[in-house]
Amino acid sequence: MAKKPPIGDPVQDAPHVGAPKHAAAGLPAIGHTAKIAGAQMGARRATLTLLKVNQKDGFDCPGCAWPEGERRHTFEFCENGAKAVAEEATLRRVGPDFFAAHPVADLAHRSGYWLGQQGRITQPVYLPEGGTHYEAIPWERAFALIADELTALDTPDEAVFYTSGRTSNEAAFLFQLFAREFGTNNLPDCSNMCHESSGSALTETLGVGKGSVLLEDLYQAELIIVAGQNPGTNHPRMLTALEKAKRGGAKIVTVNPLPEAGLERFRNPQTAAGLVGPGTALSDLHLPIRLGGDQALFRALGRLLIEADALDDDFIATHTHGFDSYRDAALSTDWDEVQRATGLDRGRIDELFALVLGAKSTVVCWAMGLTQHKHAVPTIREVVNFLLLRGNVGRPGAGVCPVRGHSNVQGDRTMGIVERPPAAFLDALRREFGFEPPRAHGYDVVRAIRALRDGAAKVFFAMGGNFVAASPDTEVTEAAMRRARLTVHVSTKLNRSHAVTGARALILPTLGRTEKDRQTGGDQFVTVEDSMGMVHASHGGLAPASPHLLSETAIVARLARAVFGDRSTVPWAEFEGDYDLIRERIARVVPGFADFNTRVRRPGGFTLPHAPRDSRTFPTATGKANFTAAAVEYPAVPEGRLLLQTIRSHDQYNTTIYGLDDRYRGITGGRRVVLLHPDDATAAGLADGDYTDLVSEWTDGTERRADGFRVVHYPTPRGCAAAYYPETNVLVPLDHTADTSNTPASKSVVIRLERPHPPRP
Ligand SMILES: Nc1nc2c(c(=O)[nH]1)N[C@H]1C(S)=C(S)[C@@H](COP(=O)(O)OP(=O)(O)OC[C@H]3O[C@@H](n4cnc5c(=O)[nH]c(N)nc54)[C@H](O)[C@@H]3O)O[C@H]1N2
Ligand SMILES: Nc1nc2c(c(=O)[nH]1)N[C@H]1C(S)=C(S)[C@@H](COP(=O)(O)OP(=O)(O)OC[C@H]3O[C@@H](n4cnc5c(=O)[nH]c(N)nc54)[C@H](O)[C@@H]3O)O[C@H]1N2
Ligand SMILES: [Mo]
């Protein structure tokens, strides 16, 4: 059903393939960064800007959510952080002349890479109904137009307010406040596609939907299991922490279908030896698990621990609930099933078990490899079971470490960006602001797409992100978006979502985190929360990309004034002028933020409370940490079909493509590649270098197609293929989601390879 996504620009997707690398970072990383940053901003600006990343008076890196740590190098070097900064601090500009030269139909035929390369958007622009081009529009007209559309809706629930995870705490707090004062909980966010499964599983089992470890715990851990995560590319600064843990004696085990370079060896660019030497071997053991086999693996470890009587009986008796039924389930684990699910023979699992037994404290880290499966929530619950058995929660060197994606995705949730808000949060809003917030649950990402598709939602407003490219089932999502009456995007740069619009569309350009934010109350800073619950300030330093930009906070405040006029109980204008006033309210509404303005001004900020970590108390329904005993699941793959995972290359930030190389995996110059086990390729009649179409098969009989992928022989388990997102989102059926969390199961899409093409010249 799906066609090839548009290329239509001078970029040729012609991948070359060499051998995968066995180590990450080192000198090539610095060279590559200098090239990308220099091209975007020139050498001088590049150096000055990069010196400010993650410094105490600087800005928070817009890359990932990995914490900064106690010792900040003058140049806290991270190749992919630098690329994220360069992307934002670029000197290239997209102004009204650009939009005059490029009709929307032209933008719709460009690749995401090309769109992003055009530079920063400088002015608000408007696409009128039936119009062919975006046109410049004054801010106040833009707000009036949105207000008209919103007030014309039959119910506030016909509006959808999406958030991507770069939004600051202050902007996020205002955005949810605006949506709720308007009358809806339709607040889907990128987290719905990301760590929602972690949040669901951890809230139920431990009572807090966030990680329970601090950096210090990693340094003290005796065993760190990294499952379903590729930190060398996606959280490069984590490698520095793993290196330190390793030097402190920790064993590191990686569980991943792919042998990811950063996890094998790390050449720390912070040290001279790291730049030129062989680097540190990080992984003591790599288990090349089949996609979706992790629940079975952790269940098997549970069985082995119980049989070896290697449990923390006191912890289990005092702090947990449900152990007996878990024990029964674990003891009935079927080894043949474990072997089928994981693809691992017993010997490998025993090797891991020996490390588990030998470790007094264990941390498990994970990311999208665990969260984006149909059975993601029971998989993560199984990680919790495994840790609870040995009391590995709430003591030094032990715990759960879901490694978050976007730099403030965790903070946005803390600020109330959630479609199913807890009653206590709504009560606090009512007390503080004097209006009655809506109680009915709103749409998450997948439900928002269905609502747009079915005409139940009519206005779509995005605070950042690239909804149509990041979401599953591209054709369905794009058709749904085109049905909207109005689509609005608060953005820094052009992307696909600006080209696939409702009847009318607006692009509202905003300040990036690197930029100075001056309001009537003086220079402002914003705050963010990292993956470990540390909150700190971020001060932009660069001159804004254009004098016409507004901060995200100002955009929400002005929109609110346009919608509510003087009928509001919220002092929107004051909030816009002075972000301290927003933080005062956050301090009164959100638990853990008392004295926010003072504490966040201290160097390094402060750490949010986390009951399981701090005091081994578990705010769950039972008041204890819950064992769960779900049946073991793993993906069923029909004969002759493969399971496809959709992943990130080294040169992208989600839908933002920095370049066409995936250096660590040995792929350069193109992205339309599919990584296959050589025997699977041969079985499909394909040689390395051949081209093939990927056809996804969904249980309702529908098919989806992505054309023209170059076959790459790769060390991945049999039956498990990999290709890059967002190109492969056309293949992910909208209804293929994780149970409970509703996260698109984009790491287990059943596909067949079709129509082999010979190699291209
Ligand atoms: N440079 C850069 N940094 C980023 C991002 C980016 O795009 N670029 N994105 C940010 C965001 S929003 C996020 S959420 C994170 C994402 O960070 P990651 O989760 O590391 O990103 P993915 O590329 O999706 O990689 C998934 C990893 O899990 C493995 N995997 C897949 N399925 C399974 C499975 O069933 N079991 C196991 N054990 N492993 C599996 C894959 O082989 C791969 O190594 O990174 C953040 N940081
Ligand atoms: N198939 C498949 N699909 C996936 C995934 C996968 O692994 N496989 N991963 C999922 C995950 S983990 C995530 S988090 C989502 C990501 O989904 P999104 O967060 O929606 O996507 P991004 O590509 O991160 O958004 C990039 C855009 O954000 C805008 N932007 C950048 N900085 C700022 C800023 O400071 N302010 C504002 N207002 N805008 C800014 C720019 O215009 C840029 O084009 O994708 C999900 N989709
Ligand atoms: Mo993410």
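Numbering of ligands and ligand atoms starts at 1, following listing order. Remember, predicted model here, so these are calculated numbers, not experimental data. These values consider heavy atoms only, across backbone and side chains, with no hydrogens, waters or symmetry-generated copies.
Considering CG of L694 and CZ of F709, their distance stands at 5.0 Å, rounded to 0.5 Å. Note: S696 OG to L731 CG = 5.0 Å, rounded to the nearest 0.5 Å.
Per-residue contacts place E260 under 4.0 angstrom from the following atoms of ligand 1 (heavy atoms of the residue considered): 42 (O), 43 (C), 44 (O). Remark: ligand 1 atoms within the under-4.0 Å shell around heavy atoms of N80 are 1 (N). Interface atoms of ligand 1 facing H373, defined by a heavy-atom separation under 4.0 Å, are 32 (N), 33 (C), 34 (C), 35 (O). Near T233, with a cut-off below 4.0 Å to any heavy atom, the atoms of ligand 1 are 1 (N), 2 (C), 3 (N). Listed by atom number, the atoms of ligand 1 under 4.0 Å from H235 heavy atoms are 15 (C), 17 (O), 45 (O), 46 (C). In the vicinity of G292, heavy-atom distances shorter than 4.0 Å reach the ligand 1 atoms 34 (C), 35 (O). Short contacts between ligand 1 and L258, defined as distances under 4.0 Å to a heavy atom of the residue, involve ligand atoms 42 (O). Close contacts between ligand 1 and L291 involve ligand atoms 31 (C), 32 (N), 33 (C), 35 (O) [criterion: under 4.0 Å to a heavy atom].
Residues R671 and Q652 have side chains that bring a donor and an acceptor to within less than 3.5 angstrom of each other. If you check the side chains of T233 and H650, you find a donor sitting under 3.5 Å from an acceptor. Residues T167 and D412 have side chains that never bring a donor and an acceptor to within less than 3.5 angstrom of each other. For the residue pair Y664 and N230, no side-chain donor N or O sits within less than 3.5 Å of a side-chain acceptor on the partner. A donor-acceptor pair shorter than 3.5 Å cannot be found between the side chains of T379 and H373.
Considering backbone and side-chain atoms together, R290 places no N or O closer than 3.5 Å to any N or O of ligand 1. When only interatomic distances are considered, the shortest N/O to N/O separation between P257 and ligand 1 does not fall below 3.5 Å. At least one N or O atom of N230 sits closer than 3.5 Å to an N or O atom of ligand 1. For the pair A227 and ligand 1, the shortest N or O to N or O distance does not fall below 3.5 Å.
Under 4.0 Å from ligand 1, heavy atoms of V255 appear from its side chain as well as its backbone. If you look at D294 next to ligand 1, the close heavy atoms, those under 4.0 Å, all belong to the side chain.
For the salt bridge (charged side-chain N to carboxylate O under 4.0 Å, His left out) criterion with E260, the lone passing option out of R665, K21, R648 is R665.
Scanning all heavy atoms of the two residues, the minimum distance from I449 to P472 falls at CD1-CD, 4.5 Å.
Salt bridge annotation for K83-E87: absent, with no cationic side-chain nitrogen under 4.0 angstrom from a carboxylate oxygen. Ion pairing between R513 and E88 fails under the 4.0 Å rule for side-chain N and carboxylate O. At a threshold of 4.0 Å, the pair R413-E196 counts as salt-bridged, since one of the basic side-chain nitrogens sits closer than that to a carboxylate oxygen.
Sorted by chain and number, the heavy-atom contacts of ligand 2 below 4.0 Å come from Y162, S164, R166, C190, M193, C194, M368, Q372, H406, G464, G465, N466, A470, V490, S491, T492, K493, N495, T510, E552, T646, R648, Y653, N654, T655, T656, Y725, N729, S746, K747.
With sequence neighbours excluded, no residue satisfies side-chain hydrogen bond (donor to acceptor under 3.5 Å, both in side chains) with Q524.
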